[in-house]
Every structure is written in structure tokens, then in C-alpha cells.
Protein chains: 2
Amino acid sequence: MIHTDTEKAILQAAKTVFYKKGLAAARMQEIADEANINKAMLHYYFRSKEKLFGAVFLQAFGELAPFLNSIFNSDKPVFEKIREFVDGYITFVVDNPYLPTFIIQEMNINPQFGETFFRNHVTPDPSKFEEQIAREIEHGNIRPIDPKQLVLNLISLTAFPFVGKGLVIGILDLDEIAFKTLMEERKKLIPEMIINTIKVQ
Amino acid sequence: MIHTDTEKAILQAAKTVFYKKGLAAARMQEIADEANINKAMLHYYFRSKEKLFGAVFLQAFGELAPFLNSIFNSDKPVFEKIREFVDGYITFVVDNPYLPTFIIQEMNINPQFGETFFRNHVTPDPSKFEEQIAREIEHGNIRPIDPKQLVLNLISLTAFPFVGKGLVIGILDLDEIAFKTLMEERKKLIPEMIINTIKVQ
DNA sequence: ATATTTATTAACCATTTGGTTAAATTTACT
DNA sequence: AGTAAATTTAACCAAATGGTTAATAAATAT
């Protein structure tokens with residue numbers, strides 16, 4: 001796994017272009033230009049467009065999955081994990097705005113690719129967190145809820161505004177600043193909402 | 001606005017292909033094959049790929065926007081609107097699984113297209129609903145919350161699982177049936193959760 | 001220094017793709 | 001029926017695109 005400067009430059013450029021345009025709309029020449037190198041180098045290092053895309057996709061997950069798993073799998077209490085997830089995710093995505101959309105987009109366009117990927121790589125895995133939730137419910141520490149639904153609520157509330165940003169801005173009539181303000185507020189709002197739903201009165 | 005059979009067949013085929021693959025990955029020949037007609041007909045009726053795409057996009061919004069607006073703008077109470085939105089949306093999307101993803105995807109890839117579109121067409125508009133929420137808060141009937149955040153929560157919880165379906169299935173380790181079951185459960189779960197957050201104790 | 005491997009480039013290639021055209025067929029009109 | 005208009009088709013075209021190649025330059029090893 002040697003990474004020469006050129007290889008790194010290619011990956012960085014490919015990331016930029018693929019994130020913004022997706023696999024189909026991205027052009028090899030555009031990636032080469034972005035990396036300031038000859039187009040043939042892309043094939044020299046990555047063989048094909050699909051392979052290059054695969055490398056970018058892998059790296060995208062490589063940035064996100066360990067981060068999410070470190071939260072899911074820590075030994076902290078449920079409420080704290082919820083707060084960490086929301087705050088961490090929003091902070092992360094504000095700095096990497098194209099990443100979640102990119103992942104979701106390509107997994108939808110090519111579901112088979114997504115399935116294979118999940119089978120063969122380290123991906124976000126909340127199963128331990130789900131077990132923890134189930135345990136807390138059994139102990140009567142939080143109100144009954146399907147752990148999968150809880151995790152889905154958490155991800156939905158946190159990720160959707162970024163994934164559907166264009167639509168959200170249009171529907172709620174926001175500008176860039178108002179959007180960012182709203183997202184910052186959500187760091188508090190989402191955990192409060194979820195915790196309020198599951199905490200025993 | 002005459003629609004011959006051929007024109008209808010083209011639109012239907014274009015819908016199928018564009019929904020599944022997006023603008024960039026869709027092929028004019030594939031649309032022609034899907035419609036069982038000659039490729040030249042696509043240009044005869046719609047001039048260019050972009051124009052055809054525009055027509056499909058317009059129709060997509062035309063299906064969704066009035067439906068959502070009829071809920072947002074009715075004279076029913078807030079809680080009921082929340083229930084109607086969730087139930088209606090999920091029912092709708094189960095029958096039209098590609099539609100929301102399609103809209104969000106293309107608005108993200110080409111934000112300018114999205115902006116122009118929102119300025120020139122009938123789109124989902126929750127502003128009246130937001131005012132209604134603000135009024136209910138003033139009257140002390142529901143707990144204080146930014147109406148935009150409430151609407152965003154509603155849309156996020158309802159739409160995200162479909163938009164990010166590939167990822168959700170992967171992360172939560174679901175199959176098609178488990179996914180559908182989860183979605184059906186959400187028709188109850190989401191309204192309960194949101195209403196629980198805003199109802200005065 | 002010289003040979004050998006590695007990296008880089010410019011030119012090239014085959015295929016695909018959106019789009020056109022001119023002829024043929026069907027429909028509508030008188 | 002005869003004619004003009006609209007519809008449909010097959011063949012074609014230019015541009016774009018992913019990918020290759022052969023020659024060159026740079027680095028590495030002997």
C-alpha cells in the first residue's frame with residue numbers, strides 16, 4: 001500500500017470530482033486536470049474508472065465508519081452516545097459536506113455495489129449499541145422502543161438535512177447562513193428530542 | 001398540452017430510467033428501448049436529453065408537491081397534520097420508491113437547476129403550516145420549538161429511510177421484508193415521537 | 001557509468017452517446 | 001382519391017469518453 005505523491009494527488013482529485021458529480025457524470029479528464037497530471041496516469045495507477053471510484057468510495061467509508069463505530073462501541077451510557085453521535089456527525093459533515101450524499105447516492109444507483117461493499121469492508125455497525133439499548137430497556141432505564149427504530153431516528157434526524165440539503169433549503173426557504181444556523185441548533189435539539197422520547201418519566 | 005400515446009410512452013419510459021439511474025447515467029437508447037420506439041422520437045418530442053429530463057422532473061414534483069401542500073394547507077389541527085403527513089408520505093413512497101431519491105439526487109448534483117426550479121414551479125411549501133405552529137405555540141397549546149425545525153424533523157424522520165435505503169439496509173442489517181415492516185411501524189412511531197416532544201404535559 | 005525498472009507524456013483508438021437527416025409511412029384534410 | 005401535414009424509421013454523424021500505446025524522462029540498482 002505505497003502511496004506516491006502522484007497517487008495521492010489522483011485520489012484527492014478523484015474525491016473532489018466524484019463527490020460533486022457522482023460516478024456517471026464524473027470525467028476522467030476532469031479528474032486528471034484537477035490533479036494536474038496526464039490522464040494516462042489515472043489508468044497507470046488505477047486501471048479503470050470503476051477501480052478509481054472504488055478506491056474513493058472505500059476511502060469515504062474509511063473516514064466515516066471508524067468514527068461512527070467508535071461512538072457506537074464505546075462503553076459510555078446511551079444518552080451520552082446519542083449526544084456524541086449528533087454533535088460528532090454534524091461537525092464532521094459541515095467539514096465534509098459531500099461525503100454522506102456521495103455514499104447514499106451511489107449505493108442507491110448501484111445497490112449491488114453497496115451490498116458487496118458492506119460484505120467485504122469495515123462499515124458502520126450499531127449492533128452493539130442496539131444491544132445496549134435493549135439491555136437498558138430490560139432494566140427499565142429507558143422506555144421500550146425497537147432499538148433499530150431508535151438508531152434509524154438518530155441517523156434520520158442527523159443525516160437527512162445534509163443529504164437532502166438542496167430540497168430542504170428550497171422547501172424551508174433558507175439561505176446558506178440560515179441553513180448552517182439551523183444545523184448548529186440541531187446539535188442540541190436532536191439529542192433532547194430523542195432522549196425526551198425514551199427517558200422514563 | 002396535447003399528449004399523444006407515443007409522448008406518454010416516452011415520458012413513462014424516461015421516468016423509469018431517470019428515476020433508477022439519474023440524469024448522467026441514463027441513456028437515450030435505453031429510454032427508447034423501454035418505450036419500444038425509435039430513439040429519434042425522443043428528440044422529435046423533447047428536443048434534447050436535458051429537456052426530456054426537465055419534463056420528468058417537473059412531473060415528479062407535480063405528483064408530490066400538491067399532495068404535500070394539501071396536507072400543509074388544510075385547516076386541520078397540527079397533530080392531525082403530522083399524522084397525515086407521515087402516513088400519506090410513507091404510503092406514497094412505498095408505491096413510488098424512486099421518486100424522493102431522484103428529486104434529492106438531482107437537486108444535489110445540480111443545485112442551480114434546483115434553485116431555478118423552485119423559483120418557477122409549484123413546490124412543497126410548508127409556510128402556512130409553520131405559521132399555524134407558531135400560533136399554537138403563542139396560545140400555549142404546544143411547547144416552544146422553531147417551526148422550521150419541527151417541519152425538518154418531520155421530513156427527516158419520514159423521508160430519510162427511503163432516501164438512504166441502501167445505506168440503512170446495510171447499517172441496520174435488514175432485508176427487504178424487514179425494511180418494509182420497519183417502515184410500516186414508523187407510520188405510528190414518528191407521529192407519536194414528534195407529538196410527544198411538543199405536547200404540553 | 002550503465003542497465004533496468006518506474007513514472008510520465010502525447011498521440012492515438014474504438015466505442016459510446018446525444019443528436020440529425022432524409023426517406024417512408026401514417027394520418028388528417030379537401 | 002389526392003394532397004399536405006404529422007409521425008416514424010433506419011442510417012448516419014460529430015463529439016466525447018474511457019482506455020491504450022509507444023516513446024521519453026526520471027529514478028534505482030549494479
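Numbers restart at 1 for each chain; the letters A, B, ... are given by sequence-line order, proteins then strands.
Whole-Å rounding puts the Leu52(A) CG to dT17(D) C1' distance at 15 Å. Rounded to a whole Å, the CD1 atom of Ile37(A) is 13 Å from the P atom of dA7(C). The nearest whole Å value for the distance from the CG atom in Asp5(A) to the C1' atom in dA27(D) is 14 Å. Between Asp33(A) atom CG and dT9(C) atom C1' the separation is 14 Å, expressed in whole Å. Going from atom CG of Asn38(B) over to atom C1' of dT21(C) covers 12 Å, rounded to whole Å. Atoms CD (Glu7(A)) and P (dT6(C)) sit 14 Å apart, rounded to a whole Å.
Scored by the ring-ring contact (aromatic ring centres under 6.0 Å, His included) test, Tyr98(A) finds no partners at all (sequence neighbours excluded). Every residue meeting the side chain to side chain contact (heavy atoms under 4.5 Å, CB included) condition with Glu136(B), not counting sequence neighbours, appears here in chain and number order: Val78(B), Asn141(B), Ile142(B).
Looking at Glu184(A) and Lys187(A), a side-chain N of the basic residue comes within less than 4.0 Å of a carboxylate O on the acidic one, giving a salt bridge.
Using a 4.5 Å heavy-atom cutoff, the side chains of Phe85(B) and Ile190(B) are not in contact. Taking 4.5 Å as the limit, every side-chain heavy atom of Met41(A) sits out of range of all side-chain heavy atoms of Glu7(A). In this structure the side chain of Asn69(A) reaches within 4.5 angstrom of the side chain of Val122(A), judged on heavy atoms.
Ring planes of Phe113(A) and Phe117(A): tilted class, angle from 30 to 60°.
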Under 4.0 Å protein heavy-atom contacts per nucleotide of nucleotides 12-19 of chain C, with B for base, S for backbone only and - for none: -----SBB

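Aromatic pair Phe18(B)/Phe57(B): centroids not less than 6.0 angstrom apart. If you look at Phe118(B) and Phe61(B), their ring centroids are closer than 6.0 Å. Ring pair Phe53(B)/Phe102(B): centre-to-centre distance below 6.0 Å.
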Under-3.5 Å N/O pairs linking protein and nucleotides 5-7 of chain D:
unit_1, atom_1, unit_2, atom_2, d
dT7(D), OP2, Tyr44(B), OH, 2.9

Ignoring hydrogens and angles, write down the donor-acceptor pairs under 3.5 Å from the side chains of residues 157-173 of chain A, residues two or more places apart or on other chains.
unit_1, atom_1, unit_2, atom_2, d
Thr158(A), OG1, Leu154(A), O, 2.6
Lys165(A), NZ, Glu176(A), OE2, 2.5

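Paired runs in DNA chain C that reach 3 or more consecutive Watson-Crick or G-U pairs, where each pair keeps both distances under 3.5 Å, cover C:1-30 with D:1-30.
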